[in-house]
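Just the heavy atoms: all of them, side chains too, but no hydrogens, waters or symmetry mates, feed the values below. Chain letters run A, B, ... following the sequence lines, proteins first, then strands; residues in each count from 1. None of these values were measured; they are calculated from a predicted model.
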There are 2 protein chains.
Amino acid sequence: MGSPALRPQWVVAVVAGLVLSGPAAAQQPDESTLPATSVPGASSPRIHADGRVTFTLRAPEARSLQLEGGDGLGKGPFPMTKAADGTWSVTIAPPVSGFHYYWFVLDGVQVNDPASETFFGYGKETSGIEIPEPGADYYAIRDVPHGLVREQWYHSETTRQWRHALIYTPPGYDRDVKRRYPVLILQHGSGEDESGWTRQGRAQWILDNLIAASRARPMIVVMDRGYARRPGTPPFALGADTTNAELQSAYGAFEDVVIRDLIPMIDGAYRTIPDRGHRAIGGLSMGGMQALSIGLHHLDAFAYIASLSGPILRDKEPAGKALASMTGPFDTKSAYGGAFADPTLDARLKLLWIGVGTAEPDLFRQSIPPAVEALRRSGVRLTFFESQGTAHEWQTWRRDLEDLAPRLFR
Amino acid sequence: MGSPALRPQWVVAVVAGLVLSGPAAAQQPDESTLPATSVPGASSPRIHADGRVTFTLRAPEARSLQLEGGDGLGKGPFPMTKAADGTWSVTIAPPVSGFHYYWFVLDGVQVNDPASETFFGYGKETSGIEIPEPGADYYAIRDVPHGLVREQWYHSETTRQWRHALIYTPPGYDRDVKRRYPVLILQHGSGEDESGWTRQGRAQWILDNLIAASRARPMIVVMDRGYARRPGTPPFALGADTTNAELQSAYGAFEDVVIRDLIPMIDGAYRTIPDRGHRAIGGLSMGGMQALSIGLHHLDAFAYIASLSGPILRDKEPAGKALASMTGPFDTKSAYGGAFADPTLDARLKLLWIGVGTAEPDLFRQSIPPAVEALRRSGVRLTFFESQGTAHEWQTWRRDLEDLAPRLFR
């Protein structure tokens with residue numbers, strides 16, 4: 001077999017790519033299927049016909065192994081059991097449809113599942129699983145004209161760093177080279193990054209499908225990394241004595257990035273309609289807080305604001321009392337610097353869109369619907385959308401975008 | 001502190017994104033630095049002033065922990081030692097500059113480092129570390145005009161699946177809407193995917209910098225996923241009795257994707273110069289084998305072919321004897337169906353570019369330089385580039401692209 005100095009594993013490595021030539025047969029002999037989030041050639045996790053899911057990891061020397069994940073996966077942790085061949089597995093009840101983060105706890109250490117793709121969540125790369133929703137194809141790639149997602153690097157004067165944003169341009173953008181488009185800035189949640197809305201959220205296919213059905217206006221969607229720090233300032237640390245002013249100041253660097261760096265860059269590099277009537281800002285969770293805060297501070301820049309599962313902050317209280325601050329009575333007069341009490345708000349804000357899932361944790365349920373009610377009582381016009389049966393998870397935010405996008409730029 | 005039903009971790013989760021507001025201070029108190037591949041807020045791995053690197057993982061309950069990685073990281077595995085606080089660490093000798101895959105082996109299971117970004121390699125998401133090369137800024141993002149990387153989905157008739165390719169368009173592509181560009185198809189290696197050339201390779205910045213210096217012609221670079229399987233065919237499995245014909249047939253589906261699906265899609269969707277004189281195909285390792293094979297079979301489509309660390313196959317032998325096949329005497333008359341013996345080759349092929357690192361494993365050293373010598377002896381005109389001191393790793397392929405791109409489309 002040739003020179004003894006040769007390392008056979010290299011030959012295998014070079015040609016073994018062929019085994020990655022496609023996903024393993026989606027249909028397994030026992031009628032289970034592999035999720036779209038499995039890496040090529042993987043045979044786990046498996047979704048059974050009844051919706052239950054089996055997770056597997058080979059770890060002959062491990063002493064303990066558990067499965068954990070986001071709320072939609074079920075109430076974990078799920079202890080895994082070891083077979084004679086050293087393979088650990090667990091079968092869980094049918095999770096909520098949609099995307100869920102998950103991980104294993106291997107002898108006490110959180111580790112990813114090598115059989116699944118990873119997604120940036122919880123501040124690091126984290127395994128994900130996609131559970132199909134029967135009958136829902138609004139976030140599937142379909143045979144319709146497709147937009148593109150572009151990786152846009154730009155230099156920020158605010159942070160003095162290069163930043164990476166993802167930009168969705170709608171179908172036809174490259175062909176109709178004189179046409180200009182409205183812009184939605186769409187932000188991810190805490191611990192996630194600019195890739196969340198396309199990789200976990202599939203925003204590009206939601207938009208493609210809405211535009212193909214003439215349900216949404218063709219638009220540019222800008223997804224930036226929702227973190228920013230001014231040069232020389234220390235990382236923010238939330239403490240018991242953190243004040244709302246400090247919290248706002250920490251978010252303020254990102255606000256400056258959006259207003260001073262991002263929007264001018266986008267208006268320069270893309271064929272936008274560069275006025276407030278054709279610009280929206282939205283986001284999920286932390287991104288919803290940012291959208292509300294930045295949008296209400298800059299009504300000269302945005303006529304459309306959307307908060308998807310974003311806790312609606314009362315002002316005044318120290319942020320260190322964040323629980324009380326987020327869930328106590330919402331005072332429309334003082335919140336957001338009095339923006340909601342401004343009599344010109346209604347004429348200037350073409351859409352205030354607020355969403356939350358009905359199965360979200362108390363923090364969100366006790367903050368968002370009461371604030372919506374208080375706002376409505378005080379005469380603020382808004383659209384409120386509740387995603388049925390979904391928690392603080394991507395299926396909520398996919399549905400949100402499906403409802404929100406058609407309402408923009410009308 | 002509000003309702004007892006509230007889960008405080010949600011509050012932290014929602015606002016904790018602020019701690020991700022930038023990389024942790026790159027300079028540590030002990031003069032060590034964090035690599036560009038660390039996730040925000042991480043404090044490991046650390047590169048010391050003398051080039052040594054310390055890797056750390058907290059795993060109080062683990063019984064054994066090792067560091068392993070690609071060849072450029074050093075000769076592993078590296079056993080890690082446990083401190084009283086349950087943190088394991090190891091400091092290794094200075095690795096080769098550039099990008100290296102790595103992972104931990106935790107009680108026998110390969111796991112990623114939560115402190116680092118992951119990259120698709122070895123057929124799955126794998127941790128990576130970027131070791132700076134002193135004085136080398138050709139692959140750094142610099143203050144020059146930047147191109148874009150676009151995510152392009154397209155439907156393949158060959159595989160009957162949606163495929164995902166990344167497309168680099170050069171600076172000015174969106175502005176000069178009448179200008180047309182030549183096209184380089186640039187493929188990743190085995191176990192990697194279409195994201196390799198931009199995430200690990202930084203091809204977009206290499207091109208930006210070359211174009212800014214007027215050293216390379218502005219070009220479109222197409223990076224597709226180098227795996228394909230016809231509907232209904234089983235996954236390829238390399239066996240002792242695999243014939244070269246079977247190997248070529250397995251690669252043949254990707255060849256059809258390139259010729260029948262990818263090139264027509266690119267020529268339709270982008271402003272290309274759609275002729276052979278303005279189209280190149282190149283790739284690394286498995287991608288180099290594909291580039292040579294597809295390029296030589298389709299000289300009507302390509303005038304430029306580049307194989308970066310691609311084993312140069314002799315024909316005739318069964319591929320199951322791959323070691324002998326790759327490293328035995330290279331017969332220019334029979335190899336690649338006699339393509340090199342075609343007297344019209346020289347006039348049609350404007351560039352045949354072949355590269356290899358001087359520190360690559362025997363499989364590559366014993367295949368590539370002798371084949372280059374045989375080709376030259378038989379009168380085939382080619383450019384041969386050796387990357388000094390680098391192995392089968394991304395630093396080799398970055399240098400390759402830096403040498404190759406200026407020679408294209410002249």
Side-chain angles (χ1 to χ4, degrees), chain A residues 1-3 5-7 10-22 39-41 59-62 106-109 111-112 114 117-118 123-125 141 146 148-153 162 177 190-191 226-229 235-238 250 285-286 311 322-324 327 361-363 366, chain B residues 1-3 5-7 10-22 39-41 59-62 106-109 111-112 114 117-118 123-125 141 146 148-153 162 177 190-191 226-229 235-238 250 285-286 311 322-324 327 361-363 366:
Chain A
M1 284 287 289
S3 157
L6 287 175
R7 295 162 57 185
W10 274 110
V11 180
V12 175
V14 170
V15 297
L18 291 165
V19 307
L20 302 179
S21 54
V39 299
E61 300 169 38
L106 170 65
D107 288 349
V109 182
V111 302
N112 285 328
E117 291 177 19
T118 64
K124 61 182 174 57
E125 295 288 341
I141 187 167
H146 292 285
L148 280 176
V149 177
R150 302 164 189 234
E151 297 193 55
Q152 177 79 49
W153 289 88
W162 288 96
V177 295
S190 174
Y227 314 113
R229 201 163 79 210
F236 176 83
L238 182 71
S285 196
M286 177 185 81
L323 288 175
T327 60
D362 288 347
L363 170 64
Q366 295 185 10
Chain B
M1 284 286 289
S3 158
L6 288 174
R7 296 162 57 184
W10 274 110
V11 180
V12 175
V14 170
V15 298
L18 291 164
V19 306
L20 303 179
S21 55
V39 299
E61 299 168 37
L106 170 65
D107 289 347
V109 181
V111 302
N112 284 328
E117 292 176 19
T118 63
K124 59 183 175 56
E125 294 287 342
I141 186 167
H146 291 285
L148 280 176
V149 177
R150 301 163 190 235
E151 296 192 56
Q152 177 77 51
W153 289 88
W162 288 97
V177 295
S190 173
Y227 314 112
R229 201 165 77 211
F236 177 82
L238 182 71
S285 196
M286 178 185 80
L323 288 175
T327 61
D362 289 348
L363 169 65
Q366 294 182 12

Measure across L148(B) and E151(A) and return the closest heavy-atom pair with its distance rounded to 0.1 Å.
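Closest approach of L148(B) to E151(A): CD2-O, 3.2 Å.
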
Are T118(A) and T118(B) linked by a side-chain donor-acceptor pair shorter than 3.5 Å?
yes

For G191(B), is there any backbone N or O sitting under 3.5 Å from a side-chain donor or acceptor partner on Y227(B)?
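Between the backbone of G191(B) and the side chain of Y227(B) there is a qualifying donor-acceptor contact (under 3.5 Å).
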
Within the distance-only criterion (no hydrogens, no angle test), does the side chain of N112(B) pair as donor or acceptor with the backbone N or O of E125(B) below 3.5 angstrom?
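Confirmed, N112(B) side chain pairs with E125(B) backbone.
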
Counting only heavy atoms closer than 4.5 Å, note whether A59(B) contacts chain A via side chain, backbone, both or neither.
both

Heavy-atom pairs under 4.5 Å with chain A - which of I141(B), L106(B), V177(B) has more of them than the others?
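Going by pairs under 4.5 Å, I would pick I141(B).
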
Which bit of V111(A) comes within less than 4.5 Å of chain B, counting heavy atoms only: side chain, backbone, both or neither?
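For V111(A), side-chain heavy atoms alone lie under 4.5 Å from chain B.
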
